[in-house]
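The next block holds one structure in the form of structure tokens; read it before the comments.
Atoms within a ligand are numbered from 1 in the order they appear, just like the ligands themselves. The figures here come from the full heavy-atom set of this structure, side chains too, leaving out hydrogens, waters and symmetry mates.
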Amino acid sequence: MAEETIFSKIIRKEIPADIVYQDDLVTAFRDINPRAPSHILIIPNKVIPTVNDVTEADELTMGRLFTVAQKLAKEEGIAEDGYRLLVNCNTYGGQEVYHIHMHLVGGKPLGPLLVG
Ligand code: 5GP
């Protein structure tokens, strides 16, 4: 059983967060330290620590991250201009919270993908 992080408490509403979407598979909430006008984290309700831990059984949930990202991008009014979806993995990938999460960032030109 994977270890819980602060994100599990957000899913269960045990600590405050600006939750913008929740269903049986995923939860989305605004990043506490937004790097763009729109910065939302979309996460599975189930604890999956990193991309390395995703299994075939998670394919529906992983797909839901994308359909919810698309819906939220429309709601945020950033779909037409464009946005970026990011998933960091482990230390070199810059992952801080070990509950897999998709960053939805947009609302300004983001420039080229930063590597390094
Ligand atoms: P990572 O670097 O792991 O891909 O991103 C983790 C993200 O989670 C960071 O952008 C950070 O600001 C955000 N974050 C960390 N703790 C909290 C929290 O307690 N609440 C919210 N809303 N965001 C958090």
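At least one N or O atom of H101 sits closer than 3.5 Å to an N or O atom of ligand 1. Where the criterion is an N or O separation shorter than 3.5 Å, residue side chain and backbone included, H39 fails it with respect to ligand 1. In terms of polar-atom proximity, defined here as any N/O pair under 3.5 Å, I6 makes no such contact with ligand 1. Here's the thing with I15: none of its N/O atoms is less than 3.5 angstrom from an N/O atom of ligand 1.
The local environment of CD in E14 is crowded, with over 12 non-hydrogen atoms from other residues, nucleotides or ligands closer than 6.0 Å.
Comparing I32, L86, I100, I10 against atom 14 (N) of ligand 1, the shortest heavy-atom distance belongs to I32.
Listed by atom number, the atoms of ligand 1 under 4.0 Å from N33 heavy atoms are 12 (O).
For the atom pair CG of D18 and CD1 of I32, the computed distance is 11.0 Å after rounding to the nearest 0.5 Å.
Ligand 1 is approached by G94 to a heavy-atom distance shorter than 4.0 Å. The closest approach between a heavy atom of F7 and any atom of ligand 1 is below 4.0 Å.
The nearest protein atom to atom 7 (C) of ligand 1, hydrogens excluded, is given as D31 OD2, 3.5 Å; this is a heavy-atom distance.
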Output side-chain donor-acceptor pairs under 3.5 Å for residues 1-11, partner residues at least two apart or in another chain, one line each.
unit_1 : atom_1 : unit_2 : atom_2 : d
E4     : OE1    : R12    : NH1    : 3.4
E4     : OE1    : R12    : NH2    : 3.1
E4     : OE2    : R12    : NH1    : 2.9
T5     : OG1    : F7     : N      : 3.1

Please tabulate, one pair per line, all N/O donor-acceptor pairs under 3.5 Å involving side-chain atoms of residues 60-71, not counting sequence neighbours.
unit_1 : atom_1 : unit_2 : atom_2 : d
R64    : NH1    : D23    : OD2    : 2.7
R64    : NH1    : D24    : OD1    : 3.4
T67    : OG1    : R64    : O      : 3.2
K71    : NZ     : E75    : OE2    : 2.7

